[in-house]
Every structure is written in C-alpha cells, then in structure tokens.
Amino acid sequence: QVQLVESGGGLVQAGGSLRLSCAASGRTFSNYYMGWFRQAPGKEREFVAAISRTGGTTDYADSVKGRFTISRDNAKNTAYLQMNSLKPEDTGVYYCAGRLVGGRKYDQGAYSYWGQGTQVTVSS
C-alpha cells in the first residue's frame, strides 16, 4: 500500500495563495492516479482536482477551475495543489488520495489511500 502525508496548509487572507504537498511512500507512486478533496465545516467532503499517473491529464471542480493547479513529480513521489486567489469558501480540510483505477476520478470510493488532511483557512 501507499502512505500519503499532506503539508502546506495554513491561514491566509482572501486573495492569497498556498501550495499543498502530498508526499507518498510505500508502493510505486507513478502507479497511482491522484486526487485532492476538501471538507468544509458542516459539509460533506467534495472533489477538488485530479491528475493522471503521468500528469498529462488534469480535472477540476468548477468552483476552483482557473484558480487551482494540480501537479505531480513522480521522481519526488509528491503531488501538489497550487491554490491562488483563495476565497473564504475555500476553507476546509484538504485531503490527497490515490487510486489505482483509471476512471471514477470524482468518486471518493474509488480512492484506496488517503492522507490525514491539512487545514486551510482563508480569512475575509
């Protein structure tokens, strides 16, 4: 199995930026499709972004499209989420997750491995 550890969360003012990292260990990182999800207080966890195994294909939730960028460095066993123009509604716990199946990128149940989450708080 693969272990995932997120970092890079914090408190930022609206309009600011943060870069989240997801470090993987264990199995071969490049075998896994990766995704980022978030959970706001009192809400269900939701899809944010996904990336293919090579990084050549990405997808985003409409709410973050144009502001967030997902990427990965397979040589460093790390996935990233660059978040720009942050809004208070982006506040939540951000999780990275890995899946072996090629489809179902929006389906949390398709992801076998999850990190512990990192808190992002955007103040107005």
Side-chain angles (χ1 to χ4, degrees):
Q1 62 181 22
V2 63
Q3 292 79 41
L4 303 173
V5 179
E6 303 96 336
S7 62
L11 173 64
V12 64
Q13 288 188 335
S17 298
L18 283 174
R19 189 194 196 200
L20 305 184
S21 297
C22 173
S25 61
R27 295 292 179 88
T28 304
F29 178 66
S30 58
N31 287 345
Y32 293 84
Y33 299 85
M34 298 299 295
W36 285 94
F37 293 78
R38 69 185 180 187
Q39 187 167 21
K43 295 187 177 180
E44 294 186 352
R45 191 162 56 187
E46 64 178 3
F47 170 81
V48 174
I51 190 167
S52 62
R53 290 180 295 186
T54 63
T57 302
T58 58
D59 198 4
Y60 300 92
D62 288 343
S63 59
V64 307
K65 203 169 292 184
R67 299 188 297 122
F68 290 13
T69 302
I70 187 172
S71 62
R72 66 189 297 162
D73 185 337
N74 286 343
K76 295 184 177 179
N77 293 341
T78 304
Y80 304 97
L81 185 68
Q82 177 67 44
M83 306 186 295
N84 299 328
S85 302
L86 283 161
K87 304 175 181 180
E89 52 263 44
D90 294 318
T91 293
V93 178
Y94 282 70
Y95 300 88
C96 70
R99 73 186 197 280
L100 288 171
V101 294
R104 301 171 60 195
K105 66 180 74 172
Y106 309 115
D107 182 358
Q108 296 182 43
Y111 291 81
S112 301
Y113 305 104
W114 292 82
Q116 82 289 349
T118 185
Q119 176 70 44
V120 171
T121 303
V122 184
S123 64
S124 57

### Query
In terms of hydrophobic clusters joined by side-chain contacts under 4.5 Å, are Leu81 and Tyr111 together?
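Not linked; separate clusters.
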
### Task
Only counting residues at least two apart or in another chain, list the ones meeting side-chain hydrogen bond (donor to acceptor under 3.5 Å, both in side chains) with Asn77.
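Here no residue qualifies.
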
### Query
Under 3.5 Å, is there a donor-acceptor pair between the Thr91 and Glu89 side chains?
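Short answer, no.
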
### Over all atoms of both residues, closest heavy-atom pair of Arg99 and Lys105
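Closest heavy-atom pair between Arg99 and Lys105: NH2-CB, 3.5 Å.
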
### Task
Please name the pair of heavy atoms, one in Ile51 and one in Thr58, separated by the smallest distance, quoted to 0.1 Å.
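Smallest heavy-atom distance, with atoms named: CG1-CG2, 3.8 Å.
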
With rounding to the nearest 0.5 angstrom, report the [atom1] to [atom2] distance, [X] to [Y].
X: Cys96; Y: Trp36; atom1: SG; atom2: CH2; value: 4.5 Å
X: Thr121; Y: Asp90; atom1: OG1; atom2: CG; value: 11.0 Å
X: Arg67; Y: Lys65; atom1: CZ; atom2: NZ; value: 12.5 Å
X: Tyr32; Y: Ser112; atom1: OH; atom2: OG; value: 7.5 Å
X: Arg45; Y: Arg38; atom1: CZ; atom2: CZ; value: 13.5 Å
X: Glu6; Y: Leu4; atom1: CD; atom2: CG; value: 7.0 Å

### Query
Between Gln3 and Ala24, is there a donor-acceptor pair closer than 3.5 Å when you use the side chain of the first and the backbone of the second?
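Here the side-chain-to-backbone pair does not exist.
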
### Query
For Phe29, is the NZ or CZ atom of Arg72 found under 6.0 angstrom from the centre of its six-membered ring and inside 45 degrees of the ring axis?
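Yes.
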
### Task
For residues 69-107, pull every pair meeting ring-ring contact (aromatic ring centres under 6.0 Å, His included), keeping only residues two or more places apart or in separate chains.
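Of all non-adjacent pairs touching residues 69-107, those that pass ring-ring contact (aromatic ring centres under 6.0 Å, His included) are Phe47-Tyr106.
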
All N/O donor-acceptor pairs, side-chain side in residues 14-22, below 3.5 Å, sequence neighbours left out:
unit_1	atom_1	unit_2	atom_2	d
Ser17	OG	Asn84	OD1	2.9

